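Before I ask anything, let me first share the structure, which is written out below as structure tokens.
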Amino acid sequence: MSDYQHEVEELERESATAARLFDVRRIIGGLFVVYGVIVTIAGLMADEADLKKAQDININLWTGLGMLALGLFFLVWLKLRPAVPPTAAELQDGTEERPAEG
């Protein structure tokens, strides 16, 4: 195997790793999970005065649980359908899949 081919394969592996690390689904999912945990804890610690302000609806608890669900959805989506960058051959051929326009 030539040095050039070895370098290309190494760059493809690094590109795939970078695509997985910086996938926006990971960032959004992680932030929603962290904030969801914080808001859910605030909802669990709500007292009667807080509930009366919100007409006896524990807004923090419901919002926190919704944020947790959304964050987990993004992380499961990331796990089930990971980002795969196009290979060098696909880029050269122009055969990478493009979304349909219109």
Side-chain angles (χ1 to χ4, degrees):
M1 182 182 303
S2 70
D3 289 336
Y4 176 73
Q5 189 176 13
H6 180 68
E7 278 185 47
V8 168
E9 289 176 358
E10 181 65 27
L11 287 173
E12 284 177 351
R13 279 193 298 276
E14 289 175 7
S15 175
T17 301
R20 283 190 301 273
L21 282 176
F22 297 109
D23 191 345
V24 72
R25 295 174 294 179
R26 179 184 310 267
I27 296 166
I28 291 172
L31 286 174
F32 267 98
V33 167
V34 169
Y35 292 144
V37 167
I38 293 169
V39 174
T40 301
I41 291 172
L44 292 173
M45 300 300 169
D47 58 1
E48 288 300 317
D50 293 332
L51 292 177
K52 283 202 183 273
K53 289 179 192 176
Q55 299 177 353
D56 291 329
I57 298 172
N58 197 338
I59 296 171
N60 284 339
L61 179 64
W62 289 109
T63 303
L65 291 174
M67 292 172 78
L68 275 171
L70 182 64
L72 290 173
F73 167 76
F74 272 98
L75 295 176
V76 168
W77 180 21
L78 174 70
K79 186 72 171 173
L80 294 177
R81 300 208 33 136
V84 179
T87 63
E90 289 174 340
L91 289 174
Q92 287 176 352
D93 295 340
T95 59
E96 69 272 5
E97 292 182 24
R98 295 191 179 141
E101 295 180 13

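Computed from a prediction, not measured in an experiment: that's the story for all the values here.
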List the atom pairs, with distances to 0.1 Å, where a side-chain N or O of residues 60-78 and a protein N or O form a donor-acceptor pair under 3.5 Å, not counting sequence neighbours.
| from | atom 1 | to | atom 2 | distance (Å) |
| --- | --- | --- | --- | --- |
| Thr63 | OG1 | Ile59 | O | 2.8 |

Item to check | Cluster check Val24, Val33: I/L/V/M/F/W/Y, side chain < 4.5 angstrom | outcome: no
Checklist outcome for this item: Distance col, row Asn58:CG vs Met45:CE, nearest 0.5 angstrom, shows 11.5 Å
Next on the checklist: Is there a continuous path of hydrophobic side-chain contacts, each under 4.5 Å between heavy atoms, that joins Leu31 to Val39?
Outcome noted: yes
Checklist entry - Same cluster for Ile27 and Val37 if Ile/Leu/Val/Met/Phe/Trp/Tyr side chains link at under 4.5 Å? => result no
Item to check | Nearest-0.5 Å distance, NZ of residue Lys79 to CZ of residue Arg26 | outcome: 9.0 Å
